[in-house]
Amino acid sequence: MAQLQPVRGTQDLLPDMLRRHRMVSETARNVGSLYGFEEIATPIFEFTEVFSRPIGESTDIVSKEMYTFPDRSGEELTLRPENTAGVVRAVISNGLTQSLPIKFSYSGPMFRHERPQKGRYRQFHQIGVELIGVPQPQADIEVIALGAQILSDLGILDRTVLELNTLGDTASRVAYREALVAYFTPHRASLSEDSQRRLDTNPLRILDSKDEGDKALSVNAPAFGDYLNEDSRWFFDHVTSGLDAIGVAYKLSPRLVRGLDYYCHTAFEFVTTDLGSQGTVMGGGRYDGLMNLMGGPDLPGVGWAAGIERLALLIAEPPLSTRPIALIPVGAEAEKKALVITQQLRRAGLTIELGYSGNLTRRIKRADKIRARIAVILGDNELAKGVAGVRDLDSGEQVEVPLAALQDHLAPFR
RNA sequence: GCGGGUGUAGCUCAGUUGGUUAGAGCGCCAGAUUGUGAUUCUGGAUGUCGCCGGUUCAAUUCCGGUCACUCGCCCCA
């Protein structure tokens, strides 16, 4: 039993869970199209540079979590750890920058070599959207509103909090980063081990540390507000007032930081407390420098990604599919006839289950087990009269229906 | 990557202070009913007690390692 295990951090999506995944991705696609986003699919693997450069060599994702390998012709390839870089690459590769804005949504598997936990897998699935070519804060507002509407349609918006922050433009962020490094460096020895590392990789994250010593030190750290220039402030004010205007609630979180290097200005996360430590359900922000960094024109972008596994755990059980109609032949002659009738009814769009073996009792039992709505019984008695016994398995009522009228009679149950 | 917990039937779990045939409920299969399901009743099957090794006359039980899951950290969706 324990011999054949799936690879660590991967899982089989059995029908019940896959139905939840579909509910999430279909809701995202449908709501996305209301906002003018079209679905796109990019390859699951790319040249390693597609991810390593934009995401940042110092990030955990690139430095220790990517599935990177040389293929048989020696190309350095990587299983995508996220999809923003892939979409941007596709936009550049296909010369799509001629008509702006570009609005894409996607859904698919991503891969990161992390330690698995609930809501955290090595092969996991994300939905996401990217809006490219709009420098105005309206884009940020639209993208966040889209995310909120998807969560709302999934029935879980009220179980999340939208945390919102600005990282400022590049100038502001660089200035602030330097100020933080200058402040923390003299205290380096007093910082936690994690934060000593953060000081080198992502000093903004020290402010969000859970270590008590770090928290104490952070109290007197420089505040980002003092380093935000006028442009950055103007931009963020428009984002917040826009969200206010359309009634999307948010909480300002000055400590919210994005993990990937290419983010600027707006950063946001929808967070829930219902999933333990994997509370971020949707996260994103603005990435104005990314396209240019990847060798394309200097176009701004905003987007987010959401973890399907995490959303799938939160949503209510999706409705089951259409209940089938069970066709139950009794006897060799009926068996033949049933095959033909089944084919006709399925072509007419009815969901038919044809039991494979067993006597009447056995088959009707099985029909009950698969939640069949109707059992169509076809035996010698019926064949002789040219009818079928149509039994309503909910009420127990059974009527005889001429074979010629069977399809019409069953039509209401498709 | 770091620290803690767990691993017994398809599922949820009990149990053995180390001892010969390892249990329950649910589920599954069959019969009561050879042309009528869900209820009920009766009967039945299933485990290399996660894997490898050590201690022991004897290990599912103790010890070590390992794998997987899980909680927290880290990171992130």
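We name chains A, B, ... by the order of the sequence lines, and we start the count at 1 in each one. When reading the values below, keep in mind they use all heavy atoms of this one structure, side chains included, and skip hydrogens, waters and symmetry mates.
Spacing of P atoms, B:U61 relative to B:A22, comes out at 15 Å, to the nearest Å.
Comparing A:Leu360 and A:Arg310 by the nucleotide of RNA chain B whose heavy atom lies nearest to each, the residue mapping closer to the 5' end is A:Leu360.
The nucleotide B:U6 finds its pairing partner in B:A68, both defining distances of the Watson-Crick or G-U wobble pair being shorter than 3.5 Å. Pairing of B:U20, defined by two Watson-Crick or G-U wobble distances under 3.5 Å, is not identified with any nucleotide. Within the shown strands, nothing qualifies as a pairing partner of B:A14 under the Watson-Crick or G-U definition with both distances less than 3.5 Å. The nucleotide B:G27 finds no pairing partner, because no Watson-Crick or G-U wobble arrangement with both distances shorter than 3.5 Å includes it. For B:G1, the paired nucleotide is B:C73, the pair qualifying as Watson-Crick or G-U wobble because both relevant distances are below 3.5 Å.
Within 4.0 Å (heavy atoms only), A:Gly128 reaches no atom of the nucleic acid at all. Here A:Asp194 lies in heavy-atom contact (under 4.0 Å) with sugar-phosphate atoms only. Within the 4.0 angstrom heavy-atom criterion, base atoms lie near A:Glu382. Among the protein residues, A:Arg198 comes within range of the sugar-phosphate backbone only, with heavy atoms under 4.0 Å from sugar or phosphate atoms but none that close to a base. Using a 4.0 Å heavy-atom cutoff across all strands shown, A:Val330 reaches no nucleic acid atom at all. Residue A:Gln398 is in base contact, counting any heavy-atom pair closer than 4.0 Å across all strands shown. Within 4.0 Å of A:Gly389, counting heavy atoms only, lies no atom of the nucleic acid at all. Among the protein residues, A:Ala367 comes within range of no part of the nucleic acid, since none of its heavy atoms lies under 4.0 Å from any strand. Here A:Gly283 lies in heavy-atom contact (under 4.0 Å) with sugar-phosphate atoms only. Base contact: A:Asp394 has a heavy atom under 4.0 Å from a base atom. Here A:Gly279 lies out of heavy-atom contact (under 4.0 Å) with every strand.
Contact detail for A:Ile325 and A:Phe413: the closest heavy-atom pair is CD1-CB, 4.1 Å. Shown here for A:Gln196 and A:Leu191, the closest heavy-atom pair between the two residues is NE2-O, 3.1 Å.
Comment: A:Glu309 does not engage A:Arg120 in a salt bridge, judged by the lack of any side-chain N to carboxylate O separation of less than 4.0 angstrom. Between A:Arg198 and A:Asp208 there is no salt bridge, since no side-chain nitrogen of the basic residue lies less than 4.0 Å from a carboxylate oxygen of the acidic one. Salt-bridge check for A:Arg373 with A:Asp392: passed, with a basic side-chain N closer than 4.0 Å to an acidic carboxylate O. By the 4.0 Å N-to-carboxylate-O rule, A:Lys103 lies close enough to A:Glu142 to be salt-bridged with it. Note on A:Arg188 versus A:Asp200: salt bridge recorded, some NZ/NE/NH1/NH2 to OD/OE distance being below 4.0 Å.
Candidate nucleotides B:C73, B:U36, B:G35 were compared by shortest atom distance to the side chain of A:Arg120, and B:C73 ranks first. Here the nucleotide nearest the side chain of A:Asp380, chosen from B:U36, B:G35, B:C74, is B:G35. Nearest to the side chain of A:Ile364, among B:C75, B:A77, B:G37, sits B:G37. You'll find that the side chain of A:Lys118 is closest to B:U70, out of B:U70, B:G35, B:C75. Across B:C28, B:C73, B:G37, the shortest atom-to-atom separation from the side chain of A:Thr361 is found for B:G37. The side chain of A:Ile377 sits closest to B:G35 out of B:A77, B:C69, B:G35. Of the candidate nucleotides B:A77, B:U36, B:C74, B:C74 has the atom lying nearest to any side-chain atom of A:Gln117.
In terms of polar N and O atoms assigned as donor or acceptor, the side chain of A:Arg115 comes within less than 3.5 Å of the base of B:G3 in a complementary pairing.
Remark: C1' of B:C69 and OH of A:Tyr121 are 10 Å apart, rounded to the nearest angstrom. Atom CZ in A:Arg122 sits about 11 Å away from atom C1' in B:A68, given to the nearest Å.
Taking the ring centroids of A:His265 and A:Phe236, they lie at or beyond the 6.0 Å cut-off.
Sorted by first then second residue, the salt bridge (Lys or Arg N to Asp or Glu O under 4.0 Å) pairs that include residues 405-414 of chain A, not counting sequence neighbours, number zero. Applying the ring pair (Phe, Tyr, Trp, His ring centres under 6.0 Å) test to every pair with at least one member in residues 121-155 of chain A, sequence neighbours left out, gives these pairs: A:His21-A:His125.
Near-neighbour residues of RNA chain B inside residues 102-114 of chain A, defined by a heavy atom below 4.0 Å, number-ordered: A:Arg112, A:Glu114.
Side-chain nitrogen and oxygen atoms of A:Arg391 include none within less than 4.0 Å of the OP1 or OP2 phosphate oxygen of B:G35. For A:Lys365, no side-chain nitrogen or oxygen approaches OP1 or OP2 of B:U39 to under 4.0 Å. Residue A:Lys64 places none of its side-chain N or O atoms closer than 4.0 Å to OP1 or OP2 of B:C75. Applying the 4.0 Å criterion to OP1 and OP2 of B:C73, one finds that A:Lys210 has a side-chain N or O inside that range.
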